[in-house]
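Taking it in order: structure first as structure tokens, then the write-up.
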Amino acid sequence: MELYEYNLHELTEKLKSKEISPSELFESCKKRIDACEENIHAFITHTEDFAKAQLNKELTGIFAGVPTVLKDNLCTKGIRTTAASKILGNWRPPYDATAWKDLREAGAVLMGKVNMDEFAMGNTCGNSAFGPTHNPNDISRVPGGSSGGSAAAVSAGYVPFALGSDTGGSIRQPASYCGVYGLKPTYGMVSRYGLISYGSSLDQIGPFARTVRDLQLVMSVISNYDPMDSSCFREKAHDFTHNENPSIKGKKIALVKEFQGFTLDAPIADAMNKIKKILEDEGAIITEVSLPVVARYAVACYYALAMSEAHTNLERYDGVRLGYTVKDAAGIKEMFERVRSYGFGPEVKSRIIAGTCLTEPTRCEEYYVAATKVRTLIAQEFSRAFGETDFILQPVTPSMPPKIGEADDDAMKGYEADLYTLPVNLAGLPGLSFFTGYADKLPVGLQLIGPRWSDPELLHAGVIIERHTGSPKIANGGVK
Ligand code: GLN
């Protein structure tokens with residue numbers, strides 16, 4: 001077995017006992033990247049020199065010597081950070097995102113910054129200014145998005161774990177498409193400081209890995225109170241310790257009544273039945289909750305809010321402060337126009353325009369303010385539901401990963417496909433995207449949702465499911 005094939009917790013043991021060295025592991029992962037990257041295109045920026053400089057120092061901490069990659073909307077001091085947009089040019093942030101600082105201090109070694117939909121807007125990784133990433137399980141298909149590069153890198157065995165961000169599904173959906181585990185933590189569980197904002201009230205950083213235990217390890221490092229993020233939790237630290245024998249005996253796990261009539265691709269419907277049975281065998285009680293507002297209004301509510309927040313957040317890219325600029329504009333207006341016309345891609349432009357309309361003074365009450373009210377109803381609906389059940393089990397997506405290019409024509413269809421992920425962000429809840437098995441060589445994922453701050457319990461439930469399904473294999477990465 002090659003070193004890159006081991007999971008995170010196995011590698012931390014091997015490194016700690018000095019059975020392997022950080023340089024050996026680095027070389028193994030680098031070899032794997034060199035073998036597959038031409039097929040997959042997960043990277044925007046390779047940071048080998050930075051990694052080597054890290055390896056030349058004495059690394060300490062629980063991840064000492066473990067390679068990782070970061071979605072390219074996480075700021076890395078002195079290292080180009082693009083959010084997959086041309087508008088950031090060769091911007092090198094003057095500071096590290098807190099989540100990366102935590103990993104760096106725990107000894108993680110940075111292999112690179114990876115691909116995503118521009119400013120995290122999309123669910124195929126096809127909205128990147130750097131071209132699409134391919135799914136390592138079938139390179140003719142999308143890896144999902146927006147954190148497609150992070151999911152692909154973990155699935156192909158480049159690194160044992162990665163960070164992404166999830167505003168409406170961007171960790172859970174690519175995790176499911178690529179066949180890895182992904183956690184969207186409770187809003188406020190991980191500091192957003194240094195995460196390039198898309199929809200600030202929805203954005204959350206979280207991990208990808210090939211076992212649930214590995215997610216627990218990463219969460220134990222990145223879930224800290226951070227005074228630099230005012231929405232970060234302030235209570236005592238959460239306990240992500242791995243438990244070999246968790247139990248869900250007597251716990252209630254609900255299906256959403258309103259989702260029952262919705263069409264699912266056969267492998268996803270089959271996976272729902274399989275996981276229901278596993279949970280029942282483990283002593284859980286399968287029930288039903290009703291989420292009528294979620295089912296009917298969540299997609300519209302999410303896109304109204306996300307676009308409104310995006311148009312405000314992206315106002316700062318004007319060619320003055322940072323990133324791409326033009327030197328020969330006739331005046332400030334021409335400069336803004338030229339910088340933004342060239343710098344933003346079509347999806348980002350259309351969302352900025354939509355966000356401008358939704359918040360424009362004469363329409364604001366009718367759209368933006370109305371959406372904030374619907375959001376409150378959605379949060380209340382979930383809170384009622386979690387009075388009746390411990391977890392909710394549901395799909396991540398209605399369909400299996402499409403072929404590259406296939407999904408790009410119909411934006412509305414893409415938005416609607418986020419129905420199962422985005423309500424979780426509207427209510428600030430944690431959501432675990434977990435592997436259930438393969439159908440025709442493609443991985444099939446599902447989602448477990450819990451009440452706010454139930455992230456540790458959600459991962460315990462994930463461990464139980466993984467015991468039955470087995471962990472995913474490393475994808476072949478298009479290697480013949
Ligand atoms: N697909 C959703 C969107 O485009 C979610 C993206 C995300 O979670 N960043 O807004």
Side-chain angles (χ1 to χ4, degrees), residues 70-74 83-85 114-128 132-133 142-151 162-178 182-185 187 190 192 195-208 298-314 344-352 354-355 358 371 375 395-399 401-402 407-408 410-433 445 447 449:
L70 302 172
K71 184 175 183 179
D72 209 17
N73 59 354
L74 285 152
S85 182
V114 290
N115 208 9
M116 52 184 282
D117 289 297
E118 185 177 0
F119 284 104
M121 298 178 190
N123 52 19
T124 61
C125 219
N127 291 342
S128 166
T133 294
V142 306
S146 62
S147 316
S150 308
L163 291 187
S165 68
D166 191 312
T167 304
S170 279
I171 291 175
R172 289 160 288 155
Q173 189 255 28
S176 167
Y177 278 4
C178 288
L183 178 72
K184 183 264 165 202
Y187 186 78
V190 179
R192 286 179 299 113
L195 169 67
I196 294 179
S197 303
Y198 159 21
S200 317
S201 75
L202 304 153
D203 301 336
Q204 186 62 190
I205 295 170
F208 292 87
V299 174
C301 171
Y302 167 86
Y303 277 97
L305 294 176
M307 290 175 182
S308 300
E309 292 189 24
H311 109 281
T312 305
N313 276 324
L314 271 57
F344 288 132
E347 181 64 24
V348 174
K349 280 180 190 152
S350 80
R351 293 197 191 194
I352 291 172
L358 290 160
R375 181 182 195 170
V396 180
T397 56
S399 341
D408 297 344
D410 190 341
M412 274 316 287
K413 219 171 139 207
Y415 297 167
E416 279 159 14
D418 293 339
L419 165 68
Y420 297 114
T421 49
L422 53 78
V424 170
N425 302 68
L426 287 169
L429 308 172
L432 171 68
S433 175
Q447 183 177 200
I449 302 166

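Counting convention: from 1, in listed order, for ligands and their atoms alike. Numbers here simply count residues along the sequence, with the first being 1.
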How far does OG of S170 sit from CG of N73, to the nearest 0.5 angstrom? 9.0 Å
The protein heavy atom nearest to atom 2 (C) of ligand 1 is D418 OD2, 3.1 Å
If you take the nearest heavy atom of each of G199, G145, S170, G169, which one is closest to atom 9 (N) of ligand 1? S170
Go through the steps to decide whether F208 and I171 satisfy the test side-chain contact (heavy atoms from CB on, under 4.5 Å), and finish with yes or no. CA-CA 8 Å; F208 292 87; I171 291 175; 3.7 Å; yes
Within reach of ligand 1, part of A120 (heavy-atom separation under 4.0 Å): both
Minimum heavy-atom separation for S147 and S165, please, with both atom names. OG-O, 3.0 Å
For ligand 1, is there an N or O atom under 3.5 Å from any N or O atom of G122? yes
heavy-atom search around atom 5 (C) of ligand 1 in the protein gives Y302 OH, 3.4 Å
N/O to N/O below 3.5 Å, does that happen between S165 and ligand 1? no
Pair L202-Y302, side-chain contact (heavy atoms from CB on, under 4.5 Å): steps then yes or no: CA-CA 9 Å; L202 304 153; Y302 167 86; 3.8 Å; yes
Checking the N or O distance criterion of under 3.5 Å, is ligand 1 in contact with K71? no
Contact between Y415 and ligand 1, counting heavy atoms under 4.0 Å? no
From the options D117, T124, N115, select the one residue that forms a side chain to side chain donor-acceptor pair (under 3.5 Å) with T133. N115
Check for me whether R172 has a heavy atom closer than 4.0 Å to any atom of ligand 1. no
For ligand 1, note which part of E347 has a heavy atom under 4.0 Å away: side chain, backbone, both or neither. neither
Can a donor-acceptor pair be found, under 3.5 Å and without considering hydrogens, that links the side chain of E309 to the backbone of S200? yes
For G168, counting its heavy atoms only, list the atoms of ligand 1 lying under 4.0 Å from any of them. 5 (C), 7 (C), 8 (O)
Only one of D166, T421, D418 passes side chain to side chain donor-acceptor pair (under 3.5 Å) with R172, and that residue is D166
